[in-house]
Amino acid sequence: MDYVVNAPAGGLNLPPIDFRAELNDEQFAAVTAEPGPLLVLAGAGSGKTRTLTFRVAYLLSRGVRPWEILLLTFTNKAAKEMLHRVEDLTGVPARQFWGGTFHHIGNRLLRRHGREIDLDPAFTIMDEGEAESLLKETVDERSPKFFKDKANPRPKVLNSIISFARNTCAPLPEVILRNYPLHEGVIPEIAAFAEAYEARKRKHQVADYDDLLEFWLKLLDAAPEIAADLRRRFTHCLVDEYQDTNSLQARIVDAMSGNHQIMAVGDDAQCIYTWRGANFENILSFPERHPGTVIHRIETNYRSSPEILTLANQVLLQQPSGRGFDKKLRPARSSQGLPCFIPAMDPQEQAAFVCSRIRGLLDEGRSPDAIAVLYRAHYQAIEIQMELTRQGIDFQITSGVRFFEQAHVKDLIAHLRLVYNPQDLPAFQRLFMLLPRVGAKNATRLHTLALEHARKNGIEFLDALLEEPVRKKVPKDAAEDWAGLAASLQDVRQCLREDSPARAVKIAAEGWYGIYLRGAYANYLSRSDDLRALEAFAARYEEVQELLAQVVLLSSETADRNDDAGPRVRLTTVHQAKGLEFDIVFVIGLADGLFPLRRALEDGDPEEERRLFYVAVTRARDELYLVYPRVAARAGPVTLLSPSRFIQEMNPECYESVRLRRQTGW
């Protein structure tokens, strides 16, 4: 067959495209595959986007019209990039395709066919903040005291719980018991709130993001004629990053591709988002749901050195049998040297080594933005941030805000600031504005009142907070929390007098604020890990003023550096690094309990952690450094760590062990 297209096809005047010359054997086989159910397993760095782009071009060359192709992606950026590549390749305008995120396509279809399911096509879409506000109004109407209990989930968390259940198509009680066990006691209330919230949205003809998917599936189920028409119209369905689909999205894809003219592209080994609803089973069971599926493997890796790929393949070999498709990445590049495994004494020595090596790389002429430090959780990068700052190496953090700028960390620091200096109005405002109906002006007035009462009566400020003349001015809705927070601050004060800053951090985290944290954040457990890391950081200081001064200096210096222009070293979690690549990668914290995380080990399923490790090592092009701290960074007795099981399981010939010289880091 001639795979050079230079003649009109399906009414399109395409430029010459030599598919055979443009693609390797694996890509070519997938791109030119006969229509039908196709599962393309595209390994890391193998040219997934190129394969999808050329598949679209190939379909056009075979007479398929642009509007007959449905392309589903997870970000608008990915859809635009892919369709603009198609436009550059074929000359067909991107606007002629139906391509975009699931939510984008769902919105377009519901505008056309919403009346089929009693949805006014003129419905408006709420953003996340508006959805939370409407949910809060619903809860306040049904149970005015619900949010007054700080242990109950706040509107943002409540919205996350309900959304997770909707996207995973799982019963709400089951979701709460499995993913949000702290809120088991209010399962009946949450179920009632969810039902009332749905009714309220319909009454006002508004929709949230999840509705765009749920109503799309409802349309396909409830209007068989419309569903059949859509399947006739979209003769080909292409899905990018299929391993990241949740249950709701997978059902939509199955319903839209009832003719089985579907190409799902993904990599089961890179499924790392089950915590936000992705269903790992979707890609594994694809062949069962689409009989006759032909599987294409794209395994030639153009990114990493052969040595790095050998190590990555070792990671995949350790997967339990039947828990993934067999695959083996093959290199297209020349050798660069073995990855290095570096045991360090503790997180401080780990940071000293990483920064010393980065300094050496920069001196060799490497660009800072070619270097990345990856970690499993944000708190694991504290020492790296400090050491880079000390050495004057510019860096940027793409795993969220800087550690000491996170809201919950600043809240804990505010406890110490206020106890140390009761005149600190910003610290007082930060804490007491967490209480119901206490705004900035009210907080300022109460702070002034408490200071004056303490001065007149010769008592301490924290004691004045609980005196009757002050408490009677507190808004009624905040009275209970006011007493709890004030008592917690008194406990911190006593601890600072009798113990240490680290102990004070622990007491603050376990006091009133610990209860608040559980209701305020869906990711309460990871934020609790951050506060334990703050406790370990505080253990370095004997006096609270030293700790507070260091926090301010670190926050100021890293802020200045992050605002500088120009290339910088990248610090990021592995999740945020997916899809990126760097010449040199450092993966830190490779100890059991850190990577894989302790919570994953306790849950008894470290396999997603293994996939995360695979993603981490395949970000590297030339050099890969795997660093393991022998001692945990925490307050109290020394805790020895074991190397990550992912290192222990692999053949030691895959890496070179490096022994550090004390003080020098190398």
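These numbers come from a predicted model, not from an experiment.
Within the 3.5 Å criterion, the main-chain N or O of Thr618 finds a donor-acceptor partner in the side chain of Arg303. At least one donor-acceptor pair under 3.5 Å links the side chain of Gln249 to the backbone N or O of Asn246. Distance alone, capped at 3.5 Å, is enough to place a donor-acceptor pair between the Thr101 side chain and the His104 backbone. Looking only at distances, no side-chain donor or acceptor of His84 sits under 3.5 Å from a matching main-chain atom of Ala94. Asp240 places no side-chain N or O within 3.5 Å of a backbone atom of Phe74 that could act as its donor or acceptor partner. With Glu608 contributing its side chain and Tyr273 its backbone, the two residues share a donor-acceptor pair below 3.5 Å. A distance-only check finds a donor-acceptor pair linking the side chain of Arg154 to the backbone of Asn152 [under 3.5 Å]. Under a 3.5 Å cut-off, the side chain of Asp229 and the backbone N or O of Glu225 do not form any donor-acceptor pair. No donor-acceptor pair under 3.5 Å is formed between the side chain of Arg65 and the backbone N or O of Ile69. With Gln380 contributing its side chain and Arg376 its backbone, the two residues share a donor-acceptor pair below 3.5 Å.
The structure places OG1 of Thr32 at 9.0 Å from CZ of Arg62, a figure rounded to the nearest 0.5 Å. The structure places CZ of Arg297 at 12.0 Å from CG of Leu329, a figure rounded to the nearest 0.5 Å. In this structure, OG on Ser247 lies 11.0 Å from CG on Leu217, to the nearest 0.5 angstrom. Glu299 CD to Leu309 CG: the interatomic distance, rounded to the nearest 0.5 Å, is 11.5 Å. Tyr524 contributes atom OH, which lies 10.0 Å from atom CG of Asp529 (distance to the nearest 0.5 angstrom). The CG atom of Leu71 sits 6.0 Å away from atom OG1 of Thr73, with the distance rounded to the nearest 0.5 Å.
Checked for salt-bridge contact, Lys218 and Asp118 miss the test: no charged N lies under 4.0 Å from a carboxylate O. Using a 4.0 Å cut-off between charged side-chain N and carboxylate O, Glu132 and Lys136 make no salt bridge. In this structure, Arg142 does not pair ionically with Glu189, as no charged nitrogen and carboxylate oxygen lie closer than 4.0 Å. At a threshold of 4.0 Å, the pair Glu241-Lys48 counts as salt-bridged, since one of the basic side-chain nitrogens sits closer than that to a carboxylate oxygen. A salt bridge links Glu81 to Arg85: one of the charged nitrogens lies within less than 4.0 Å of a carboxylate oxygen. Taking 4.0 Å as the cut-off between side-chain N and carboxylate O, Asp208 and Arg166 count as a salt-bridged pair. Taking the charged nitrogens against the carboxylate oxygens, Glu607 and Arg323 have no contact shorter than 4.0 Å, which rules out a salt bridge.
A cation-pi contact links Arg111 to Phe123, judged by a cut-off of 6.0 Å to the six-membered ring centre and 45° from its axis. Figure legend: Arg610 and Phe646 shown without cation-pi pairing, the cationic atom not lying both under 6.0 angstrom from the six-membered ring centre and within 45 degrees of its axis. Remark: Arg611 qualifies as a cation-pi partner of Phe280 under the 6.0 Å distance and 45° angle criteria applied to the six-membered ring.
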side-chain hydrogen bond (donor to acceptor under 3.5 Å, both in side chains) between Asp530 and His408, worked out
CA-CA 8 Å; Asp530 287 340; His408 52 296; 2.9 Å; yes
task: Show your reasoning for whether side chain to side chain contact (heavy atoms under 4.5 Å, CB included) applies to Arg570 and Leu580.
output: CA-CA 11 Å; Arg570 184 81 65 95; Leu580 304 178; 3.3 Å; yes
### Task
Go through Arg20 and Asp25 one step at a time and tell me if the salt bridge (charged side-chain N to carboxylate O under 4.0 Å, His left out) criterion holds.
CA-CA 8 Å; Arg20 178 67 273 184; Asp25 291 346; 2.7 Å; yes
- Are Thr235 and Gln261 close enough, and set up right, to give a side chain to side chain contact (heavy atoms under 4.5 Å, CB included), and what steps lead you there? CA-CA 6 Å; Thr235 58; Gln261 304 305 305; 5.7 Å; no
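Within 6.0 Å of CD on Glu130 lie more than 12 heavy atoms contributed by other residues, nucleotides or ligands. Counting heavy atoms of neighbouring residues, nucleotides and ligands inside a 6.0 Å radius, atom CG of Asp127 exceeds 12 of them. For Glu184, the CD atom counts as loosely surrounded, since its 6.0 Å shell holds 12 or fewer non-hydrogen atoms of other residues, nucleotides or ligands.
Side chains of Leu238 and Val265 form no contact here, defined as non-hydrogen atoms less than 4.5 Å apart.
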